[in-house]
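One structure is given below, encoded as structure tokens.
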Amino acid sequence: MGGDARGHRPHQLASGFRRDILEGLARPHKALPPKYFYDAAGSRLFERICRLREYYPTRVELSITRRNVAGIARFAGQGCALLEYGSGESLKTRLLIRALRPAAYIPLDISSDALGAAVRRLAREFPWLEVRPVVGDFSRPLDLPGFPGRARRVVYFPGSTIGNLTPEEAHAFLKMTRAQVGPKGAMLVGVDLKKDANVLHAAYNDAKGVTAAFNLNLLARINRELGGDFDLSKFAHYAFYNPLAGRIEMHLVAREAQTVNIGNYRFSFERGESIHTENSYKYTVEEFAALARRAGFRPAKLWQDARALFSVHGLVAA
Ligand code: SAH
Ligand code: AVI
């Protein structure tokens with residue numbers, strides 16, 4: 001598995017980036033996949049978002065986890081093998097690791113920088129823990145090295161990263177993890193809940209402009225890695241809650257008509273034209289439970305905060 005982190009996979013990720021960006025900008029409604037936010041700079045910006053007053057999901061999920069860690073550990077089972085998708089800085093996981101003492105921890109992330117820093121910290125904090133990091137993209141088929149030994153398999157997917165998938169993609173992802181954990185396995189998923197749109201609006205339009213910088217970093221990354229000439233001052237961060245679709249949408253809106261070059265490719269923008277960069281779906285508890293059931297899980301446990309801002313679902317194989 002260490003081979004994945006240092007071997008051919010990062011090159012695959014790099015060529016996929018170029019292809020996906022060119023394809024996304026050639027569409028009639030320009031759209032780019034949110035997984036490309038997370039280069040080194042993007043991961044650092046995301047970590048700053050997590051510490052913002054307005055961005056409640058991280059703070060609330062951490063407090064749900066802290067408050068219920070004994071019950072969560074009982075549900076997952078001490079000594080399990082823990083695979084985390086989109087592990088980032090493994091912040092919440094450190095609470096779980098202390099309580100679970102997993103047989104192995106497999107953090108998987110597309111951001112090698114965030115993963116590297118998290119693994120170094122885990123080694124200092126938990127010298128007894130077997131950590132098997134994987135740099136990988138969970139939105140495509142993965143040849144994971146497999147769970148070690150006979151320990152119970154548990155997949156951890158916190159942060160409401162599942163909300164960045166469409167419900168169809170989330171369904172396929174849950175089916176994939178259901179097959180991965182096997183008949184005795186389990187899954188812990190953090191899911192952001194439907195709520196007052198003003199609370200959501202503030203979380204994605206913070207006063208310090210960190211979310212705007214996170215969004216615009218995608219254009220800066222295209223300039224850095226693909227030789228693009230985006231002028232960042234000509235694009236505006238725009239995020240709003242779409243109640244019909246039940247999601248926050250993030251866009252980058254052209255402030256004026258312009259053309260942008262990426263290598264030999266040229267893209268034109270009308271004034272006000274947008275690049276759709278992210279969806280962040282919000283679910284009710286029952287909507288998410290239904291999605292999990294359709295994918296072959298039985299929702300067995302639910303942990304929430306008192307204000308019902310965020311939820312952590314404990315799923316077992318049905
Ligand atoms: N789990 C952390 C981080 C959530 S941010 C938390 O709860 O705070 C989303 C994380 O998923 C980032 O670290 C990002 O790099 C990673 N990520 C996003 N799309 C991904 C993909 N397709 N494959 C692998 N990792 C991905
Ligand atoms: C990682 N993901 C769950 C975050 C979210 O809230 O959708 C990404 C993010 N986008 C803007 N702020 C945070």
Side-chain angles (χ1 to χ4, degrees), residues 4-5 9-10 12-13 16-17 20 32-52 54-62 64-65 83-96 106-118 133-142 144 155-165 169-170 173 176 188-193 199-206 209-218 221 237-241 247-252 277-283 309-310 312:
D4 280 333
R9 198 171 286 281
Q12 277 180 3
L13 295 177
F17 178 53
D20 291 349
L32 298 175
K35 65 185 177 188
Y36 293 122
F37 282 134
Y38 303 93
D39 65 347
S43 293
R44 278 197 302 274
L45 284 164
F46 180 72
E47 287 167 20
R48 282 183 59 200
I49 289 177
C50 290
R51 286 153 182 80
L52 291 170
E54 298 97 326
Y55 193 74
Y56 63 86
T58 310
R59 193 172 56 251
V60 174
E61 189 178 20
L62 264 172
I64 294 171
T65 308
L83 166 59
E84 178 172 0
Y85 283 113
S87 46
E89 57 175 330
S90 294
L91 182 64
K92 296 146 200 165
T93 330
R94 296 207 284 276
L95 296 172
L96 278 192
I106 310 167
L108 182 144
D109 206 286
I110 201 165
S111 169
S112 55
D113 296 275
L115 190 63
V134 182
V135 177
D137 178 351
F138 59 63
S139 65
R140 28 175 86 220
L142 280 161
L144 277 179
V155 166
Y156 186 40
F157 199 31
S160 206
T161 304
I162 199 156
N164 298 134
L165 309 179
E169 289 166 346
F173 181 83
M176 185 266 295
L188 281 165
V189 200
V191 183
D192 198 13
L193 296 173
V199 175
L200 289 169
H201 187 268
Y204 292 83
N205 291 281
D206 65 278
V210 186
T211 310
F214 173 72
N215 199 4
L216 283 160
N217 176 59
L218 186 51
R221 181 179 181 186
H237 166 74
Y238 180 52
F240 64 96
Y241 184 63
R247 68 190 191 204
I248 286 279
E249 292 186 20
M250 284 214 312
H251 295 256
L252 288 164
T277 51
E278 188 182 62
N279 289 319
S280 193
Y281 282 85
K282 311 300 169 188
Y283 291 92
L309 292 172
F310 201 91
V312 177

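For this chain, numbers begin at 1 and follow the sequence in order. For ligands, and for the atoms within them, numbers begin at 1 and follow the listed sequence. Only this structure's heavy atoms are used, side chains among them; waters, hydrogens and symmetry mates stay out. In this text, all values refer to a predicted model and were calculated from it rather than measured experimentally.
- For the ligand labelled ligand 2, residue Phe37 lies outside the 4.0 Å heavy-atom shell.
- For Phe310 and Tyr56, the distance between ring centers is not under 6.0 angstrom.
- Residue contacts with ligand 2: Tyr55 is placed with a nitrogen or oxygen under 3.5 Å of a nitrogen or oxygen of the ligand (distance criterion only).
- Heavy-atom contacts of Gly88 reach the following atoms of ligand 1: 13 (O) (cutoff under 4.0 Å).
- At a heavy-atom distance under 4.0 Å, only side-chain atoms of Phe46, from C-beta outward, approach ligand 2.
- By the 4.5 Å heavy-atom criterion applied to side chains, Glu84 and Leu96 are not counted as neighbours.
- The protein heavy-atom contact nearest to atom 1 (N) of ligand 1 is Gly86 O, 2.8 Å.
- Under 4.0 Å from ligand 1, the heavy atoms of Tyr38 that appear belong solely to its side chain.
- Taking every heavy atom of both residues into account, Ile248 and Lys282 meet most closely at CG1-CE, 4.1 Å.
- With a 4.0 Å cut-off on non-hydrogen atoms, Tyr281 does not touch ligand 2 at all.
- Numbered from 1 in the order shown, with element, the atoms of ligand 2 that lie under 4.0 Å from a heavy atom of Phe214 read 10 (N).
- The distance criterion of under 3.5 Å between nitrogen or oxygen atoms is met by Ile110 with respect to ligand 1.
- The closest approach between Gly163 and ligand 2 stays at or above 4.0 Å for every heavy atom of the residue.
- The closest side-chain donor-acceptor pair between Asp113 and Tyr38, if any, does not fall under 3.5 angstrom.
- Regarding atom 8 (O) of ligand 1, its nearest protein heavy-atom neighbour is Lys92 NZ, 3.2 Å.
- The distance criterion of under 3.5 Å between nitrogen or oxygen atoms is met by Ser280 with respect to ligand 2.
- Taking any N or O of Tyr204, backbone or side chain, at least one lies under 3.5 Å from an N or O belonging to ligand 2.
- Proximity of a side-chain donor or acceptor of Asn164 to a complementary backbone N or O of Asn279 within less than 3.5 Å is detected.
- Gly136 O, 3.1 Å is the protein heavy atom nearest to atom 24 (C) of ligand 1.
- At a threshold of 4.5 Å between non-hydrogen side-chain atoms, the residues Ser111 and Ser43 count as touching.
- When heavy-atom distances to ligand 1 are checked against a 4.0 Å cut-off, Glu89 has no atom that comes that close, whether in backbone or side chain.
- Atom 22 (N) of ligand 1 has its closest protein heavy atom at Asp137 OD1, 2.9 Å.
- Contact check for Tyr55 versus Tyr204: side-chain heavy atoms found under the 4.5 Å cut-off.
- The shortest separation from a heavy atom of Ser43 to ligand 1 is not under 4.0 Å, leaving the residue out of contact.
- Taking atom 26 (C) of ligand 1 as the reference point, the nearest protein heavy-atom neighbour is Phe138 CE2, 3.4 Å.
- The protein heavy atom nearest to atom 12 (C) of ligand 1 is Asp109 OD2, 3.6 Å.
- Set against the non-hydrogen atoms of Gly159, the atoms of ligand 1 under 4.0 Å away are 7 (O).
- Distances below 4.0 Å separate heavy atoms of Gly159 from the following atoms of ligand 2: 3 (C).
- Nearest protein heavy-atom contact of atom 19 (N) of ligand 1 is Lys35 CB, 3.6 Å.
- Looking at Asn164 against ligand 2, only its side chain comes within 4.0 Å, counting heavy atoms.
- At least one heavy atom of Ser160 sits closer than 4.0 Å to an atom of ligand 2.
- Only the side chain of Thr161 comes within 4.0 Å of ligand 1, judged by heavy-atom distances.
- In terms of polar-atom proximity, Glu61 is not counted as a contact of ligand 1, lacking any N or O under 3.5 Å from an N or O of the ligand.
- Residue-to-ligand polar distances keep Phe46 apart from ligand 1: every N/O pair is separated by 3.5 Å or more.
- Considering backbone and side-chain N/O atoms, Leu108 never comes within less than 3.5 Å of an N/O atom of ligand 1.
- Nearest heavy atoms, Ser87 versus Leu115: OG-CD1, 3.7 Å.
- Distances between N or O atoms of Glu278 and those of ligand 2 include at least one value under 3.5 Å.
- In the vicinity of Tyr38, heavy-atom distances shorter than 4.0 Å reach the ligand 2 atoms 1 (C), 8 (C).
- A salt bridge links Glu89 to Arg51: at least one charged side-chain nitrogen sits closer than 4.0 Å to a carboxylate oxygen.
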